[in-house]
Every structure is written in structure tokens, then in C-alpha cells.
There are 2 protein chains.
Amino acid sequence: MCEQSNDAEHVCLCPLEGIIDTIGRKWSLLVVNAIGNRGRLRFNQMMDELNGISPTTLADTLKELQREGLIKRESFAEIPPRVEYSLTKDGIQLRRAILPLLRWASTRSTATKRKCATAYRKMPAHRVERI
Amino acid sequence: MCEQSNDAEHVCLCPLEGIIDTIGRKWSLLVVNAIGNRGRLRFNQMMDELNGISPTTLADTLKELQREGLIKRESFAEIPPRVEYSLTKDGIQLRRAILPLLRWASTRSTATKRKCATAYRKMPAHRVERI
DNA sequence: TGTGCAACTCCAGACTTCATAGTTTAAATG
DNA sequence: CATTTAAACTATGAAGTCTGGAGTTGCACA
């Protein structure tokens, strides 16, 4: 624990202690990115975008992100009911911090696998880049 | 699956499909950063730096990162045996891509919790920044 | 009456992580 | 000669997380 350490050279990683259980979840960062991608997103839209996530996990992840103040949930009293998720200020900053990681993942994937290459060429840059 | 989609507008996240099981692990990114932080690191050094990880998890994570070509393992025939881990070229790029995320985590942590503030002030910048 | 939508919840089984204890090897120590 | 030490793990059993699919709720619309 760094609060007990008096070694000035010690590299303390404990800023992550509070947040690791949130952003360490398998899908957290991708959920944040997906929401930031579109501005606002609904549950089933996320299910479509995040290929492979289960509704249970998505629900858990959304609750956790909301608890940490990274996303905002708004529900509208309509029939059928509608719920929209968007990023908070903190969430927007997190999303900005994730972008290099996602770019790394894309370049790696296209370099090593060559799958989805055409789909990528088709995709307008602002879809990935814009906040 | 994006390879079957002919919708040019569809935002495809499948570059992540191959890598999500690796970087989606709870400690993967922190392990990569810890190694990059120091250049090369040994098992027990990582156990010290990554506060909270268990040896089982660390071993699994290292194997997975190695399998994906992100880190390199070198063992020396000494007594007691010594093993050192370092980043590959790919790993170095990944680490670069992670830095904004870690910086976000630090600012958030100091802003919201005010723990470890002195420890952070003590820490020389190059310990976090250098590759 | 019946179908459909939206946002979930529930469940069982699989996978991941946790904490702690133990293994291996041989030099160094008592 | 017996014990200790050190590093890098492995073993174990329990707890937490993820998966995939089915079910829930409430009301509009056919």
C-alpha cells in the first residue's frame, strides 16, 4: 500500500485501485466507446454494436459505469418505454483516453488478420473519431 | 458479424473480437504498463507493483500476453532461477496506447479521493512516462 | 385474443480471479 | 549434515464475472 510507503522511488499504481474493478471489466471500455460513438445509445442498440456481449453483462456493466458517474441513464415514459444512455463529462474524458487503445487494436487486427478490411475501408472516419 | 454486412454505415467493432479476450482481462493492461515502466520485470516484482493481483492470475495473464506476442519471456539458468519479462514491439505500441487511459485514471483518482497525493508528488515523471 | 416492442431479469453452467499454501533446485548458513 | 533462503511459479477451493437463452412487464395495434 503506497500510503504506508516512505520510499520515494516506489512507483505507486494505487490510483487504479478505486477504478480497476470498473474499467477492468471485460466490456466497460467498449461500452463507453460505443456510447461516445453515437452520443446516446439504447440498450438493444448496444447489444447490436457490441457483438458478443450478453444482456446480463451489459446490464451489470451499465450499472457499474453509472455508479461511477461515467454514464447517465435517462428513461422516457413512453410506450414502449425508452431508455437512453449518454456519457457524463468524466465519461467523455475517459472515452478520449480510450481512443488510442482502440486505434491500436484496429491496426493490429488488420495487420495480423486481414478480416473486415473492406468493412473498415467503408467506415467513415468520424464514426470512430468523433466525441 | 461485419464480414457478412453490406451496410456501409454500420460501425464495425470486430477488430476487437480477436483481442478482447486478451486485453479485456482485468489486469492485462496494467501488466503491460508495469513492464513498460521498467523495461524488464520479474514475476515477484510485478506482484509487488500490481497491488491486489494473485500469482495465479498474474501467471495466466503473462501466458496470454506472451501467446499474443505482446511480451517476451526470458529465463536464465541460475540458482535461484531468474525470469525476466519485457515488451515486444507490439507490446511497446500497446503500452503507448494505454498511457492516456492511465493518466485519466490518475487525475480522476486524485480529484475524487485525494489518497496517495504525496506519494504521487514524490514520483519522478520519467518513471511513468518513459518507454 | 394475440402479437410485438423495449428494457431488462433470471438461471445454469462456464470461465476468471482470489488468497493461501506448497513445489523445485541448489547454494549459503548454522 | 540439516536448515534456511530465494525465485517462479503450481495447486486448491471458494468467490466473482460472463455467456446464452428464456421469461417478465405494460400497453399499443391488428
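Quick note on labels: first sequence line is chain A, next is B, and so on, each numbered from 1.
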Next on the checklist: Counting only side-chain heavy atoms from C-beta out, which of D:dC9, C:dA7, C:dC18 sits nearest to A:Arg42?
Outcome noted: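 Among the listed nucleotides, the one closest to the side chain of A:Arg42 is C:dA7.
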
Checklist entry - Toward the 5' end of DNA chain C, which comes first, B:Leu58 or A:Lys63, by nearest nucleotide? => result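 The residue mapped nearer the 5' terminus is A:Lys63.
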
Checklist entry - Do you know the tightest heavy-atom contact between B:Asp60 and B:Arg25? => result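 Reported closest heavy-atom pair: CB-NH2, 3.6 Å.
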
[X] [atom1] to [N] [atom2], straight-line distance once rounded to whole Å:
X	N	atom1	atom2	answer
B:Ile23	C:dT16	CD1	P	15 Å
B:Asp60	C:dA14	CG	C1'	15 Å
B:Asp48	D:dA6	CG	C1'	14 Å
A:Asn51	D:dT19	CG	P	11 Å
A:Leu41	C:dA7	CG	P	10 Å
B:Leu62	D:dT10	CG	P	10 Å
A:Trp27	C:dT16	CH2	P	13 Å
B:Gln45	D:dC9	CD	C1'	15 Å

OP1 or OP2 of [N] versus the side-chain N and O atoms of [X]: is any pair under 4.0 Å?
X	N	result
B:Lys26	C:dC18	yes
A:Tyr85	C:dC8	yes
A:Arg25	D:dC18	yes

Next on the checklist: My understanding is that only residues two or more places apart in sequence, or in another chain, count here; which of them pass side chain to side chain contact (heavy atoms under 4.5 Å, CB included) with A:Glu74?
Outcome noted: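 Only A:Arg40, A:Lys72, A:Phe76, A:Ser86 meet the side chain to side chain contact (heavy atoms under 4.5 Å, CB included) criterion with A:Glu74.
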
Checklist entry - So, the side chain of A:Gln45 versus the backbone of A:Arg42: is there a donor-acceptor pair under 3.5 Å, distance only? => result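 Side chain of A:Gln45 to backbone of A:Arg42, a donor-acceptor pair under 3.5 Å: yes, one is there.
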
Checklist entry - Is A:Ser28 reaching over with its side chain to a backbone N or O of A:Gly24, donor-acceptor style, under 3.5 angstrom? => result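 No, A:Ser28 side chain to A:Gly24 backbone: no donor-acceptor pair under 3.5 Å.
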
Checklist entry - What is the nucleic acid contact for B:Phe76, judged by heavy atoms within less than 4.0 Å: base, sugar-phosphate only, or nothing? => result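 No contact.
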
Next on the checklist: Can you tell me which residue among B:Ile71, B:Ile92, B:Leu30 is in a side-chain contact (heavy atoms from CB on, under 4.5 Å) with B:Ile35?
Outcome noted: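 One option only clears the test, and that one is B:Ile71.
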
What pairs of nitrogen or oxygen atoms, one from the protein and one from nucleotides 19-28 of chain C, lie under 3.5 Å apart?
residue, atom, partner, partner atom, Å
C:dA19, N6, B:Thr56, OG1, 2.8

Checklist entry - Are A:Glu49 and A:Arg38 close enough, and set up right, to give a salt bridge (charged side-chain N to carboxylate O under 4.0 Å, His left out), and what steps lead you there? => result CA-CA 11 Å; A:Glu49 298 230 356; A:Arg38 305 269 199 176; 2.4 Å; yes

Next on the checklist: Check this for me: does any side-chain nitrogen of one of B:Arg108 and A:Glu68 sit under 4.0 Å from a carboxylate oxygen of the other?
Outcome noted: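 Looking at A:Glu68 together with B:Arg108, the answer is yes, because their closest N to O distance falls below 4.0 Å.
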
